[in-house]
Amino acid sequence: MEDGLFESRAARIGEIEALGYKAFGKRFDFTHTIPDILLDFSAKAAEELVPETRVRIAGRIQTVRRMGKAAFMHLQQNGGRLQLYVKKDAVPERDYALFNLLDIGDIIGADGYLFRTRTGELSLHVEALEFLSKTLLAMPEKFHGLEDVETRYRQRYLDLISNPEVRDVFVTRAKVISSVRRQLEERGFIEVETPMMQPVYGGAAARPFVTHHNTLDIDLYLRIAPELYLKRLIVGGLERVYEINRNFRNEGVSTRHNPEFTMVEFYQAYTDYKGLMDLTETMLRTIAIDATGSAIVKYGDVDLDFGNIRRMTMREAVIEFWDGEGAPSTEQIRNPEWLQTASGKACAGEALAHLFEIHAEKKLIQPTIIYEFPVEVSPLANNNADDPTMVDRFEIIIAGMEIGNAYTELNNPIEQRKRFDGQLDMRAKGDDEAHQMDEDYLRAMAYGMPPTGGEGLGIDRIVMLMTNNQSIRDVILFPLLRPEGEIGMASRLRRLSDR
RNA sequence: GGGCGCGUAGCUCAACUGGCAGAGCAACUGACUCUUAAUCAGUAGGUUGUAGGUUCGAUUCCUACCGCGCUCACCA
């Protein structure tokens, strides 16, 4: 079958090697990265580049403009791009022959000196070329880049090559994670790793992925949360622990949900949910500053203000944001019968949580802490001292999304056993996301758990906010997609070898 | 899972009411020693996602399927 561009590029492998270069090259020790050069020399005028500033650089060819016996091209590396000027009588004959074989997308090295062109662009006057790696496939169009969303997710490498802003998203993601880690470390938290494969899953309400260990012949669940293991460590005296890692939930995919997603969970002995509110406000503000340079972050058409976080109870939020007629009074919102009638839910706690979700959550755009949650939807949180139907828990909601969830941990094993039994009842009634009984967790608690506050923050969603992305897939390098059909790459490459 | 939308050259996009499938970039040949979405002249490149159907004739209309997006449900 005809495969013109692919075969003509493959043929150049032989031509490049005939000149004495390696088509899939070797180690190349550069003196500067391209971003270094841009940083160090962008501000310097043409005359300041003399005496000659000699550099040795490497990168991928992004554009080529050939003009007879001279040419300009742009080389990109680490998100920076530098123009190269190649003149026939300034490079060895062999290197000029190589230059004539170069394709957009090839990876090369270059030696030369920095100068400014007539139009003032900082450029490298090339004196020697080295070949480092051949591209066989055509790059996306230079002006629009790669737009097709499916291809961008499936071939993220190509997305990263042709869309520089995508690289910036993942650089910001790294800054967010680094900020979280640094802030927790500064406060004496230690990073731990707990099982991703768990014989009993818990710590959240979700359906799990199931896998199987052959030798032990047991089913294991990919964790839906690390919570119960982290609290075992609190029992063990690791009084400030955190873990940044993936959770897996076997549920719907949407612009806010990926089956595997990244959470930071942290637990601090001797504090409570109020202490965590203060910590959360500081952490989120600092993340925003570390990631974007400001506590005010543009998201869609709003400016999110991480410097000023409102706090309100779930009941207050339902009343304030009630849609249409019939907003409850402060008495009605505490009345189980009213709640059940208004929501159609069987128990008062689920009813309140449901009303909150349908009336209030989407409208909470500015960072808001919602506290006092119903006990029925919070099997691991400690009771509120004044209201037995409520627990000391809060969520942080931003742009209508749940970003974090925290509570004073339930540390009474007698109460915890009752809560587990309540969850088992819900499971028996068909709620397959109700919490499982975890006897070893009860046993740990029976040894005595200090009063503790614990919290989880959704890293992916925070990155969405910091990078102004509306879809979680744009902040996950390789979001889950159905496997694609036949690609045919192996057979194309096989035909090259068979010739 | 439901609803709506999309799928055309390697990439970005056209193609009126059903009437010969086109352009730019990339590629190839040629000109050009400061260009930058380089320019100029020319060439080649298509199973219109897949399989059926309607029709003299289908990229266009219909059905099913595949993939993706948005949205609702679901997801504390």
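Each chain gets a letter, A, B and so on, in the order its sequence line appears, and its residues count up from 1. Bear in mind that the values here come from a model prediction, so they are computed numbers and not experimental data.
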Dot-bracket pairing map - RNA chain B, Watson-Crick plus G-U, both contacts under 3.5 Å, | cross-strand: (((((((..((((.....[..)))).(((((.......))))).....(((((..]....))))))))))))....
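- For A:Gln83 and B:U35, a side-chain-to-base donor-acceptor distance below 3.5 Å is present, hydrogens and geometry of angles not being considered.
- Of all heavy-atom pairs spanning A:Ile224 and A:Ala206, the tightest one is CD1-O, 3.9 Å.
- Of all nucleotides listed (B:G69, B:U33, B:U35), B:U33 comes nearest to the side chain of A:Tyr85.
- A:Ser42 places no side-chain N or O within donor-acceptor distance of the main-chain N or O of A:Leu39, the cut-off being under 3.5 Å.
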Residue pair A:Phe72, A:Tyr85: steps toward the ring-ring contact (aromatic ring centres under 6.0 Å, His included) verdict: CA-CA 5 Å; A:Phe72 289 92; A:Tyr85 180 50; 4.7 Å; yes
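- Using modelled atom types, one finds no donor on one side chain facing an acceptor on the other under 3.5 Å when comparing A:Ser343 with A:His354.
- Of the P atoms belonging to B:C25 and B:C6, the separation is 29 Å, rounded to the nearest Å.
- Residue contacts for A:Glu350: at a heavy-atom cut-off of 4.0 Å it reaches no nucleic acid atom on any strand shown.
- Figure legend: A:Arg492 and A:Phe6 shown as a cation-pi pair, the cationic atom lying under 6.0 angstrom from the six-membered ring centre and within 45 degrees of its axis.
- In the region residues 89-96 of chain A, proximity to RNA chain B at under 4.0 angstrom, judged on heavy atoms, holds for A:Asp89.
- Of the candidate nucleotides B:G67, B:U12, B:C74, B:U12 has the atom nearest to the side chain of A:Asp148.
- Residues A:Glu402 and A:Arg461 meet the side-chain proximity criterion, which asks for heavy atoms closer than 4.5 Å.
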Protein-to-nucleotide contact annotation, 5' to 3' order, nucleotides 23-29 of chain B [B base; S sugar-phosphate only; - none; under 4.0 Å, heavy atom]: -BBSSS-
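- Within 4.0 Å of A:Lys69, counting heavy atoms only, lies at least one base atom of the nucleic acid.
- Using a 4.0 Å heavy-atom cutoff across all strands shown, A:Gly203 reaches at least one base atom of the nucleic acid.
- When every heavy atom of A:Pro226 is checked against every heavy atom of A:Glu265, the shortest pair comes out as CD-OE2, 3.3 Å.
- Using a distance-only test at 3.5 Å, with no hydrogens or angles considered, no donor-acceptor pair links the side chain of A:Ser133 to the main chain of A:Ile107.
- A donor and an acceptor atom, one from each side chain of A:Asp474 and A:Tyr153, are located under 3.5 Å apart.
- Under the 6.0 Å distance and 45° angle rule, A:Arg315 does not count as a cation-pi partner of A:Phe356.
- Using a 4.5 Å cut-off on side-chain heavy atoms (C-beta onward), A:Tyr371 and A:Met277 make contact.
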